[in-house]
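One structure is given below, encoded as structure tokens.
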Amino acid sequence: MLLSEPIKDIFITEKYHQLGTCSKDGIPNVCYVGAKFLTDDGKIVIVDNYMLKTKDNLLENPNVSLMMRRGGEAYQLKGHCTYVTEGDIYEEARKWMKSKGEKYPAKGALIIEVETMYNSAAGEHAGEKCS
Ligand SMILES: Cc1cc2nc3c(=O)[nH]c(=O)nc-3n(C[C@H](O)[C@H](O)[C@H](O)COP(=O)(O)O)c2cc1C
């Protein structure tokens, strides 16, 4: 699913988002992510530089949730994630990360296909699915 323009704009312009994952036993985990970009076909890519529990969870449960916000606007995305350490998208992620600094290990890349988007702002439309 392609991100709608307002969501895409927040995804790109806000520096950090929050990524939720879950172990197969149902233990949740949330971490901050900032090394992110969009592919031309609308997939979200996040670079794994430091992930521990997040990666463990993804390898046993691909379901993710990503929270993003700008001021009072907020969205919750849900989708499926593929963790890659090779291939075109991984290479793009690795090169982009290395261009930011050699200190970033770029151990892998998360490729997220968004399936549902919800409005997470407080107020009348809270929790509503975005079309
Ligand atoms: C503002 C901020 C942005 C971050 N961005 C990333 C990121 O893009 N990639 C990454 O691997 N870790 C990033 N981290 C580190 C993770 O949030 C987290 O510490 C790491 O994944 C280990 O936690 P985990 O065991 O929950 O996976 C960031 C941390 C902060 C505070």
Side-chain angles (χ1 to χ4, degrees):
M1 174 184 272
L2 288 176
L3 303 189
S4 63
E5 281 308 316
I7 297 179
K8 191 172 165 180
D9 191 53
I10 291 177
F11 175 82
I12 292 169
T13 56
E14 290 301 310
K15 277 185 138 174
Y16 306 113
H17 306 308
Q18 292 160 310
L19 177 71
T21 57
C22 194
S23 74
K24 68 175 181 340
D25 298 326
I27 307 296
N29 193 70
V30 181
C31 75
Y32 289 105
V33 291
K36 36 83 179 169
F37 61 89
L38 281 177
T39 63
D40 291 342
D41 61 352
K43 294 188 187 84
I44 288 174
V45 180
I46 298 170
V47 186
D48 172 13
N49 287 310
Y50 310 112
M51 293 173 180
L52 298 174
K53 300 180 294 300
T54 301
K55 180 183 174 188
D56 290 345
N57 286 352
L58 288 172
L59 295 181
E60 54 187 37
N61 176 357
N63 296 309
V64 297
S65 183
L66 189 72
M67 293 298 301
M68 58 188 73
R69 140 177 200 267
R70 178 169 58 206
E73 283 179 280
Y75 294 97
Q76 179 191 60
L77 277 43
K78 289 181 191 283
H80 269 77
C81 179
T82 308
Y83 186 95
V84 295
T85 54
E86 57 183 21
D88 291 347
I89 293 180
Y90 171 69
E91 284 306 321
E92 184 182 350
R94 192 184 63 77
K95 280 186 194 140
W96 174 69
M97 203 69 252
K98 294 290 175 186
S99 76
K100 306 273 177 204
E102 273 304 319
K103 64 181 178 178
Y104 297 112
K107 296 181 287 183
L110 284 55
I111 306 173
I112 299 172
E113 290 205 43
V114 176
E115 284 154 5
T116 40
M117 302 183 275
Y118 298 88
N119 189 334
S120 284
E124 160 184 28
H125 299 293
E128 285 179 7
K129 210 171 180 174
C130 306
S131 51

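None of the values given here were measured: they were computed from a predicted structure. Below, each value reflects all heavy atoms present in this structure, side chains not excepted, and no hydrogens, waters or symmetry copies. Here, residue 1 is the first one in the sequence, and each next residue gets the next number. Just so you know, ligand 1 is whichever comes first in the structure, and atom 1 is the first atom listed for that ligand.
For ligand 1, the 4.0 Å heavy-atom shell contains residues Tyr16, Asn29, Cys31, Tyr32, Val33, Gly34, Ala35, Val47, Asp48, Asn49, Tyr50, Met51, Leu52, Lys53, Thr54.
In this structure, the side-chain contact (heavy atoms from CB on, under 4.5 Å) partners of Lys129, at least two apart in sequence or on a different chain, are Thr116, Tyr118.
Using modelled atom types, one finds a donor on one side chain and an acceptor on the other under 3.5 Å when comparing Thr39 with Asp41.
Chaining together hydrophobic side chains whose heavy atoms lie under 4.5 Å apart places Phe37 alongside Val45, Val47, Tyr50, Val84, Ile89, Tyr90, Trp96, Met97, Tyr104, Ile111. Cluster partners of Leu3, by chain and number: Met1, Ile7, Ile10, Phe11, Ile12, Leu19, Val33, Leu38, Ile44, Ile46, Met51, Leu58, Leu59, Val64, Leu66, Met68, Tyr75, Leu77, Tyr83, Leu110, Ile112, Val114, Met117. The rule joins Ile, Leu, Val, Met, Phe, Trp and Tyr whenever side-chain heavy atoms lie under 4.5 Å apart.
Going from atom NZ of Lys53 over to atom OG1 of Thr21 covers 9.0 Å, rounded to the nearest 0.5 Å.
Annotation: Asp88, atom CG; neighbour count of heavy atoms from other residues, nucleotides and ligands within 6.0 Å does not exceed 12.
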